[in-house]
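What follows is a short report on a single structure.
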Amino acid sequence: MQWQTQHGRHDLPWQQSPSAYSVHVSEIMLQQTQVSTVIPYFERWMQRFPSLDALASASEDDVMAQWQGLGYYSRARNLRKAAAHVIAEHGGEYPDCLQALQAIPGVGRYTAGAIRSFALQQYGPIVDGNVKRLYARLFGIDGEPNSSAFNRTLWQLAEQLTPHNASHIYSQGVLDLGATVCTKSQPKCSECPVQSECVAHATGRIEQLPNPKKKREKPFRVGHFSWHQPNQHIHLVKRSSPGIWGGLWCLPELPDAPKDAELAGEFIHQFTHYTLHAKVWRASTPQHLSVKDDNSVGYLATQLFDLNQLDQTGLPTPIKQFIQDRIALKRHT
DNA sequence: CAAACGTGGGT
DNA sequence: TACCCAAGTTT
């Protein structure tokens, strides 16, 4: 806690006059996403949706457009649902017990602890990637990453070590220590306040802890999309959720390559769990059919968008990129 | 419990 | 280039 006060981070946007709402928003955005990526999104979000009420009364399309590019879009859909939930179930005031916090859509054990700590300044243990790395090294914990046994051990440590007074300073401390000193590669052990107590440092196992995750092979998938562009408009469909890019507007996805169609373009996109080879086919008529997640075909909301106002529409990043590249290309030829 | 769920930064 | 993985949650 002393280290946190002297060397921790204090100037992040969500640390300035934090409310339960702003802490909630920042914590959801920060899930699996780096601080530097989140900062501009957080600032725009708080401008556009400054309060729980503003968010609850916004349309899903508005919310998705603000989230566009951040990824893991269920976070945005859940955040909007969460605003309605807190208003309906708690009269617009965040609950303070961990169990009630975890009942909020999109809020799991980590985020519940973070809201307790950072917004309510109450006892709120947290375990995230930073904390796992820090504790695994400090206490020399081997174990399959993300196994229940490994997680159980870490949460138990967090619950024991987190103080009941000024919990927020401790929680921010372990977060910042993991993020800035006990880093994945080339940790700054000479700057670490607990170096003398660190099992991994004493036994020369910094590089081995936490244990590496076993990697799975990444499948390769082909996706077919249709391109229908009548006079400066582009035909898009709203994707269903759950499923990849759920809630975003996208080129209609086809079950197969259409017969006798002309290829408008193609691109490769890397997801965490698979590689997508997208082929985009010219269509003279709009395609209302779309492939759903389970490979079934359904009808989705469909709309023509002015090519000049795609900025205010939530599209998957590679699809938006493809459209913009193609428009620019056409302008030159 | 494994797998789904996005995108981009760092080495 | 090819990985790893980042303030995780849900199914």
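The structure presented is a predicted model; accordingly, all values stated were derived computationally and were not measured. Here is the naming used below: chain letters follow the sequence lines, and residue numbers restart at 1 for every chain.
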Return the polar atom pairs (N/O with N/O) between nucleotides 9-11 of chain B and the protein under 3.5 Å, or none.
{"unit_1": "dG9(B)", "atom_1": "O4'", "unit_2": "Gln34(A)", "atom_2": "OE1", "d": "3.0"}

Distance, rounded to the nearest Å, where [X] contributes [atom1] and [N] contributes [atom2]:
X         : N       : atom1 : atom2 : answer
Leu248(A) : dT7(B)  : CG    : P     : 8 Å
Asn78(A)  : dG6(B)  : CG    : P     : 12 Å
Ile268(A) : dA2(C)  : CD1   : P     : 13 Å
Leu134(A) : dA7(C)  : CG    : C1'   : 14 Å
Arg75(A)  : dT10(C) : CZ    : C1'   : 14 Å
Glu27(A)  : dT9(C)  : CD    : C1'   : 14 Å
Arg77(A)  : dT11(C) : CZ    : P     : 10 Å
Tyr72(A)  : dT10(C) : OH    : P     : 14 Å

Closest-nucleotide 5' rank along DNA chain C - winner of Lys215(A) and Leu30(A): Lys215(A)
With sequence neighbours excluded, residues passing side-chain hydrogen bond (donor to acceptor under 3.5 Å, both in side chains) with Arg221(A): none
side-chain hydrogen bond (donor to acceptor under 3.5 Å, both in side chains) partners for Trp249(A), two or more places apart: Asp61(A)
Ring centres under 6.0 angstrom apart (His233(A), His228(A)): no
Could you check whether [X] gets within reach of a base, just the sugar-phosphate, or nothing at all, counting any heavy atom under 4.0 Å?
X         : answer
Pro318(A) : sugar-phosphate
Leu12(A)  : base
Ser26(A)  : nothing
Trp67(A)  : nothing
Arg133(A) : sugar-phosphate
Gly69(A)  : sugar-phosphate

Hey, could you give me each pair passing salt bridge (charged side-chain N to carboxylate O under 4.0 Å, His left out) that has a residue in [range]? Not counting sequence neighbours.
range                       : value
residues 25-39 of chain A   : none
residues 38-57 of chain A   : Arg48(A)-Asp62(A)
residues 109-123 of chain A : Arg109(A)-Glu159(A)
residues 69-82 of chain A   : none

Using heavy atoms and a sub-4.0 Å distance, could you list which residues of [range] are near DNA chain C? By number, please.
range                       : result
residues 40-51 of chain A   : none
residues 309-316 of chain A : none
residues 154-168 of chain A : none

Gln6(A) atom CD: more than 12 heavy-atom contacts under 6.0 Å: yes
Neighbour count >12 (heavy atoms, 6.0 Å) for atom CD, Gln186(A): no
Measuring only the [atom1] atom in each nucleotide, how far is [N] from [M]? A whole number of Å is fine.
N      : M       : atom1 : value
dC3(C) : dG6(B)  : P     : 23 Å
dA2(B) : dA7(C)  : C1'   : 23 Å
dG8(B) : dT10(C) : P     : 24 Å
dC5(B) : dA2(C)  : P     : 24 Å

For Pro187(A), the option from Arg133(A), Arg137(A), Gln195(A) that meets side chain to side chain contact (heavy atoms under 4.5 Å, CB included): Arg137(A)
For Ser226(A), the option from Leu254(A), Val280(A), Val237(A) that meets side chain to side chain contact (heavy atoms under 4.5 Å, CB included): Leu254(A)
Most 5' of Gly71(A) and Ser147(A) on DNA chain B, judged by nearest nucleotide: Ser147(A)
N/O (side chain, Ser74(A)) to phosphate O (OP1/OP2, dT10(C)) under 4.0 Å: no
Under 3.5 Å, is there a donor on one side chain and an acceptor on the other for [X] and [Y]?
X         : Y         : answer
Thr162(A) : Ser167(A) : no
Lys218(A) : Gln270(A) : yes
Gln15(A)  : His10(A)  : no

DNA chain B contacts among residues 107-128 of chain A, heavy-atom distance under 4.0 Å: none
Sorted by number, the residues of residues 270-280 of chain A with heavy-atom contact under 4.0 Å to DNA chain B: Gln270(A), Phe271(A), Thr272(A), His273(A)
Minimum side-chain heavy-atom gap Leu315(A)-Met64(A) below 4.5 Å: no
Heavy-atom check, side chain of His201(A) versus side chain of Val194(A), under 4.5 Å: no
Shortest side-chain distance from Gln32(A), nucleotide among dC1(B), dT7(B), dG6(B): dG6(B)
Gln172(A) side chain, from C-beta outward: closest of dT10(C), dA4(B), dA7(C): dA7(C)
Flag, side chain of Arg326(A) to backbone of Gly265(A), donor-acceptor distance under 3.5 Å: no
Heavy-atom donor-acceptor pair, Ser117(A) side chain to Ala114(A) backbone, under 3.5 Å: no
Interatomic distance, Leu175(A) atom CG to Ile126(A) atom CD1 [nearest 0.5 angstrom]: 4.5 Å
Distance (rounded to the nearest 0.5 Å) between Leu251(A) CG and Leu236(A) CG: 6.0 Å
Identified ring-ring contact (aromatic ring centres under 6.0 Å, His included) counterpart of His24(A) within the set Phe118(A), Tyr94(A), Trp45(A): Tyr94(A)
